[in-house]
Amino acid sequence: MGSEVSKQIQRRKAVSMEKQMLFDLNENCGETFPGCDYRPTDRKNWMASLGPKDLHINNIVWPGTHNSATDRIGIPCISRPFAQCQTLSVYQQLALGTRVLDIRVNENNRVCHGILLTYNIDVVINDVKKFLFETTSEVIILEIRTEYGHRDPPEFEDYLEEKLSMYLIHQDDYVFGKTIAELLPKRIICVWKPRNSPQPKPGSPFWSAEYLKDNWIDTDLPSTKFDSNLKYLSDQAPVSSRYFFYRVENTVTAQPDNPVVCVRPVTGRIHGYARLFINRCFAEGCANRLQVFSTDFIGEDFVDACVGLTHARVHGEC
């Protein structure tokens, strides 16, 4: 019993120390970077505002959400705090400026996060279609994967193609060098990551797992995650010579050996340092590698940071 108490005290000290490290780094380095002062006047249509003819797919900094469809997961006040990573619906996230969605499904077409369930995948698809109907030039990356511990939903590719065929951009390496204008009216890059079924093939309406990569660091220590994100991003090729999307997630994850396991207070340890991360990307010489940047509980400032850097790239400011 005494050793367990001692371990918990040390874990709390480690978390406190790392929170202070990030705070001090932010105080010393600030949050400035090319485009940091830019604020889109219309977040719902920010790609259209920047110009579809000027926006190359590989040059966009894509604001994304982690576990995007968890706004109504589990039971309120009971299981929800342990799995909810977003409070906004998928439609609300897209209208706010989110352009990368992370959706997890089970064998019954239900969205899930681990063992906790929420609505049917139809809710997500309808939100996506509503957003695309209301806009003209916004492109999204829709990642759908079978959640760990679950089986693939049956005939899922057929289902997705039936629902989204008019919007699907087919798997093709040449897409990365194209502008949004060259892809229209197609507007969804759908990355389908099954666990048991074959991966989508070249030319398919769906993109295989190798086209959206990341290095998942499973930790609740914010400075450890921040530094690891920088290290793994530095290992990537520049976006101009890369034929896949690379994602950095500005999140930390609750651990079973720490008494604080609700998502919001844990991920809050790193949540406010997205602009600092972009600042350090420039300082470390890896800003030209940043592409998909995701977060829990997305807000306007996170979107503005990504759009601002994209605006700077378009205008040759970095």
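Fair warning: this is a prediction, and the values are worked out from it, not measured in the lab. Sequence positions, counted from 1, serve as the residue numbers for this chain.
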Salt-bridge contact [X]-[Y] (side-chain N to carboxylate O under 4.0 Å):
| X | Y | value |
| --- | --- | --- |
| D304 | R39 | yes |
| E143 | R247 | yes |
| R269 | E18 | no |
| R187 | E138 | no |

Those residues that, when tested against [X], pass ring-ring contact (aromatic ring centres under 6.0 Å, His included) (two or more places apart):
| X | answer |
| --- | --- |
| F206 | none |
| Y119 | none |
| F156 | Y159, W192 |
| F277 | F226, F293 |

Under the side chain to side chain contact (heavy atoms under 4.5 Å, CB included) rule, collect the residues that match up with [X], sequence neighbours excluded.
| X | value |
| --- | --- |
| N108 | N106, R110 |
| A305 | F33, R275, I278 |
| S240 | P238 |
| H66 | C85, D102, R104, W216, E249, T251, D296 |

Let me know which of [options] forms a side chain to side chain contact (heavy atoms under 4.5 Å, CB included) with [X].
| X | options | result |
| --- | --- | --- |
| C112 | L117, N67, V105, T70 | L117 |
| V191 | L142, I103, I141, I144 | I141 |
| I217 | V252, N229, T253 | N229 |
| L55 | V314, L183, V139 | V314 |

Under 3.5 Å, side-chain donor or acceptor atoms of residues 89-97 against the rest of the protein: list the pairs with distances, not counting sequence neighbours.
residue : atom : partner : partner atom : Å
S89     : OG   : Q92     : N            : 3.1
S89     : OG   : Q92     : OE1          : 3.4
Y91     : OH   : K44     : NZ           : 3.2
Y91     : OH   : E134    : OE1          : 2.4
Q92     : OE1  : S89     : N            : 2.8
Q93     : OE1  : T65     : OG1          : 2.8
Q93     : NE2  : S68     : O            : 2.8
Q93     : NE2  : L88     : O            : 2.9

Any donor-acceptor N/O pair, [X] side chain to [Y] backbone, under 3.5 Å:
| X | Y | result |
| --- | --- | --- |
| N26 | L22 | no |
| N215 | Y232 | no |
| H150 | G114 | yes |

Salt bridge (charged side-chain N to carboxylate O under 4.0 Å, His left out) partners for E210, two or more places apart: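 E210: no salt bridge (charged side-chain N to carboxylate O under 4.0 Å, His left out) contacts found.
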Shared-cluster residues of I75, by chain and number - hydrophobic side chains joined below 4.5 Å: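 Traced through the cluster, I75 reaches I78.
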Under 4.5 Å side-chain linkage, directly or through intermediates, the cluster mates of V261: F82
Whether Y211 and F176 hold their rings parallel, tilted or perpendicular, with breakpoints at 30° and 60°: parallel
Pair Q291-R242, side-chain donor/acceptor within less than 3.5 Å: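 Yes.
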